Amino acid sequence: MRRSQSAATVQRFSMETFQSLLEKKLSAALANAGLPAAAGELTQATDPRFGDYQTNAALVLGKQCSENPRALAEKIVVHLSVNDLCEPPAVAGAGFINFGLRPAAIEEKALEILQDQRLGVAETETARRIVIDFGSPNVAKPMHVGHIRSTVLGDALARIAQFLGHEVVRDNHIGDWGTQFGMVIYGWKNLLDREALQRNPLAEIVRAYKETNQRATSDPQVREACRQELVKLQAGDKENIDIWNECVAFSMQDFEHVYKLLNVHYDLQCGESFYNDRLPGVVDRLLKSGIAEISEGAVVVFFRDNPELADKPLIIRKRDGGFNYATTDIATVDYRINELNADTIWYVVGAPQTLHFKQILEVARREGYTADLRHIIFGSVLGEDRKLMKTRSGENVPLRELLEEACRRARRIVEEKNPNLNEEEKTDIAEKIGIGAVKYADLSQYRMTDYIFSWEKMLALHGNTAPYLQNAYVRIRSIFRKTGENAPQIDKFVFGDPAEIDLAKRLCQFAEIVPQVLNGFRPNILTNYLFELANSFHAFYEACPVLKSEVPTRSSRLALCDLTARALRRGLGLLGIKMPEKM
RNA sequence: GCGCCCGUAGCUCAGCCGGAUAGAGCAACGGAUUUCUAAUCCGUGGGUCGGGUGUUCGAGUCACCCCGGGCGCGCCA
């Protein structure tokens with residue numbers, strides 16, 4: 001369903017991608033040839049030798065009607081009228097049809113994109129209301145590397161969905177409730193160092209919590225005391241609620257600092273505690289509807305008819321009457337669908353919680369919800385030793401420190417490469433490069449695989465990195481600084497050099513790539529594209545002098561530079577990465 | 001025990017619903033610059049896609065089995 005969206009959505013606009021135009025022409029040709037319309041696909045060519053676009057329609061049809069694919073392809077080609085866009089299509093291989101764009105068509109399309117703020121990217125016709133659940137740090141714990149993927153990936157998906165015309169609600173499902181608060185409060189009451197709290201509140205809360213945790217493991221009395229504190233908190237004891245509130249506030253300060261560095265914002269921060277008073281209702285309802293039942297004193301949902309979940313029950317009320325995070329998550333589904341009017345919810349949460357979300361989504365289905373709920377899974381961040389990334393002492397790496405380290409390292413490089421910049425510029429550039437590098441390294445990898453965190457690789461100026469893309473942009477800005485001119489108004493591109501054509505073709509693909517990202521939630525498709533775009537630009541930059549060229553060529557090249565800069569900037573912007581003007 | 005994810009060049013990774021001779025970057029080697037930022041570009045070498053069986057015109061991609069790694073599985077979140 002979702003897949004066909006990109007083709008459909010483009011129609012509303014006067015500007016269409018080559019892919020969309022050719023798809024239509026192919027459909028028409030199939031119809032005229034008396035063949036089924038929806039056959040195969042038309043994609044960017046897998047190899048430049050095969051031209052710019054290709055279709056395997058004849059292969060698919062050949063299979064369906066058991067006819068010779070090559071003969072079918074010849075038949076289709078006869079009915080294709082694509083002369084306005086392409087050289088005559090060629091049948092090749094087992095029955096592929098290859099399309100090579102005519103330079104004139106590329107010049108025209110590039111001009112259309114040049115004049116479009118959206119670089120040719122169509123808005124969706126089927127706008128959804130999407131709640132994106134991402135980030136979700138825990139109160140009384142500093143954000144650490146474990147939160148980076150969810151935060152960066154969720155933010156990028158939100159930006160892209162929004163750009164494509166969806167209504168997006170970014171919701172931070174903060175872990176601000178749960179059994180750990182028994183220990184947090186015990187630590188606060190018994191082990192807190194007030195001076196240290198003033199100096200660095202969160203660090204001190206964490207220290208007291210950890211010490212409590214240690215004592216509790218060896219001392220049953222401490223354990224019991226913590227349990228009592230938790231009971232009091234849950235019963236609404238004023239003192240404990242006050243302490244809890246303070247811990248939440250201190251933690252939020254830490255989160256906000258990180259979000260500012262990351263340039264991430266939320267529309268909503270409904271933490272777990274937000275749902276507390278809804279939990280009894282959830283359990284009652286599920287019991288009443290027969291979805292849940294009582295088992296060994298707890299309220300449990302069984303999935304007996306689902307082979308995968310048959311032996312994995314879901315507890316929604318513990319024997320002691322307490323609720324757990326499954327209950328909260330079900331209440332959250334209710335809230336998002338019924339009160340936020342979401343028709344789509346994306347959970348950007350790590351792979352270890354796969355089973356949990358299968359259960360939650362299944363409960364929602366049994367409750368009759370038809371909203372599109374998806375767990376967007378991602379792998380872990382590993383250190384260079386291939387194990388979960390930790391500090392030398394085995395602790396989680398605080399995200400704040402990691403980001404500050406990124407900026408420090410970026411600054412060192414900036415100072416080495418461009419010592420003439422003033423302090424303010426250096427700081428600004430280092431932040432854009434450092435944070436950008438961290439984000440890009442994460443987004444450029446297929447989200448499902450674990451990824452190995454490497455400063456050297458993410459900050460490298462070669463290869464598929466943020467600094468490489470930023471550098472391409474900066475080189476363009478440098479050209480415009482040098483001339484003092486703005487991007488020229490042109491009414492025609494003139495391409496003479498193959499590098500110009502290649503770059504222009506890449507720019508035409510921007511609008512084809514961006515919508516694909518949401519089809520599988522793969523920002524790495526966009527990073528790959530941007531990397532190739534930067535490659536094409538650098539090749540163009542080597543081959544084609546801009547400022548020294550003669551008049552129609554000069555303004556055409558300037559415009560091409562400007563368009564490239566806009567695509568790079570927009571592309572990285574969709575990933576939440578900023579562009580420096582110099583570096 | 002059951003389930004999920006991963007295994008592609010020396011290293012780090014792309015490769016969407018099966019499609020043409022599996023691609024990048026790093027590293028190695030060889031070239032290019034008195035520059036619009038060399039912060040770059042061009043080229044060379046490098047692969048039984050963990051192993052096997054099967055499905056079909058066609059398998060890195062799908063199915064089944066095995067090996068290796070990671071993660072998860074009633075009262076934590």
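Note that the structure is predicted; figures quoted are calculated from it, not measured. The basis for the numbers below is simple: all heavy atoms, side chains too, and nothing from hydrogens, waters or symmetry mates. Naming convention: chains lettered A, B, ... in sequence-line order (proteins, then strands); numbering from 1 in each chain.
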Ignoring hydrogens and angles, does a donor from either the side chain of N98(A) or the base of A20(B) sit under 3.5 Å from an acceptor on the other?
yes
Regarding G74(B), purine or pyrimidine glycosidic angle vs 90° from 0 gives syn
Taking only the side-chain heavy atoms of T179(A) (C-beta and beyond), determine which of G74(B), C76(B), C11(B) contains the nearest atom.
C76(B)
Quick check on A14(B): is either OP1 or OP2 less than 4.0 Å from any side-chain nitrogen or oxygen of T449(A)?
yes
Round to the nearest Å and state the distance from Q359(A) atom CD to C75(B) atom P.
12 Å
Under 3.5 Å donor-acceptor pair, Q470(A) side-chain atoms to A39(B) base atoms:
no
To the nearest angstrom, the CZ-C1' distance between R447(A) and C16(B) comes to 11 Å
Distance in angstrom units between Q54(A) CD and G18(B) C1', rounded:
13 Å
Taking a pair to mean Watson-Crick or G-U wobble geometry with both distances below 3.5 Å, C64(B) pairs with G52(B)
Name the pairing partner of G58(B), where a pair is Watson-Crick or G-U wobble with both distances under 3.5 Å, or state none.
none
Nearest-Å distance once atom C1' is located in both G50(B) and U8(B)
10 Å
Rounding to a whole Å, what distance do you find between D320(A):CG and C76(B):P?
8 Å
Could you tell me the separation between the CZ atom of F357(A) and the C1' atom of C73(B), rounded to a whole number of Å?
16 Å
N or O in side chain of H538(A) less than 4.0 angstrom from C41(B) OP1/OP2:
yes
Picking from C41(B), G15(B), A39(B), the nucleotide nearest the side-chain atoms of A539(A) would be C41(B)
Side-chain-base donor-acceptor pair under 3.5 Å for K312(A) and C2(B)
yes
Spacing between L230(A) atom CG and C76(B) atom C1', to the nearest angstrom:
11 Å
Using modelled atom types only, decide if a donor and an acceptor are shared between the side chain of D171(A) and the backbone of C270(A) within a distance under 3.5 Å.
yes
Donor-acceptor contact present, side-chain T465(A) to main-chain A460(A), <3.5 Å
yes
Candidates G58(B), U21(B), C4(B) - which lies nearest the side chain of K63(A)
G58(B)
Stepwise, does the side-chain hydrogen bond (donor to acceptor under 3.5 Å, both in side chains) test hold for N524(A) with T527(A)?
CA-CA 5 Å; N524(A) 67 311; T527(A) 61; 5.8 Å; no
Name of the residue among F537(A), Y473(A), F531(A), Y440(A) meeting ring pair (Phe, Tyr, Trp, His ring centres under 6.0 Å) with Y468(A):
F531(A)
Within the structure shown, what part of the strands sits under 4.0 Å from F480(A) by heavy-atom distance: base, sugar-phosphate, or nothing?
nothing
Y468(A) side-chain N/O to C41(B) phosphate OP1/OP2 under 4.0 Å
yes
Is G46(B) paired to anything, Watson-Crick or G-U wobble with both distances less than 3.5 Å, and if yes, which nucleotide?
none
Does F521(A) offer a backbone N or O that forms a donor-acceptor pair with the side chain of R447(A) under 3.5 Å?
yes
Could you tell me whether the side chain of E431(A) and the main chain of A410(A) form a donor-acceptor pair under 3.5 Å?
no
Pair partner, C2(B) [Watson-Crick or wobble, under 3.5 Å]
G72(B)
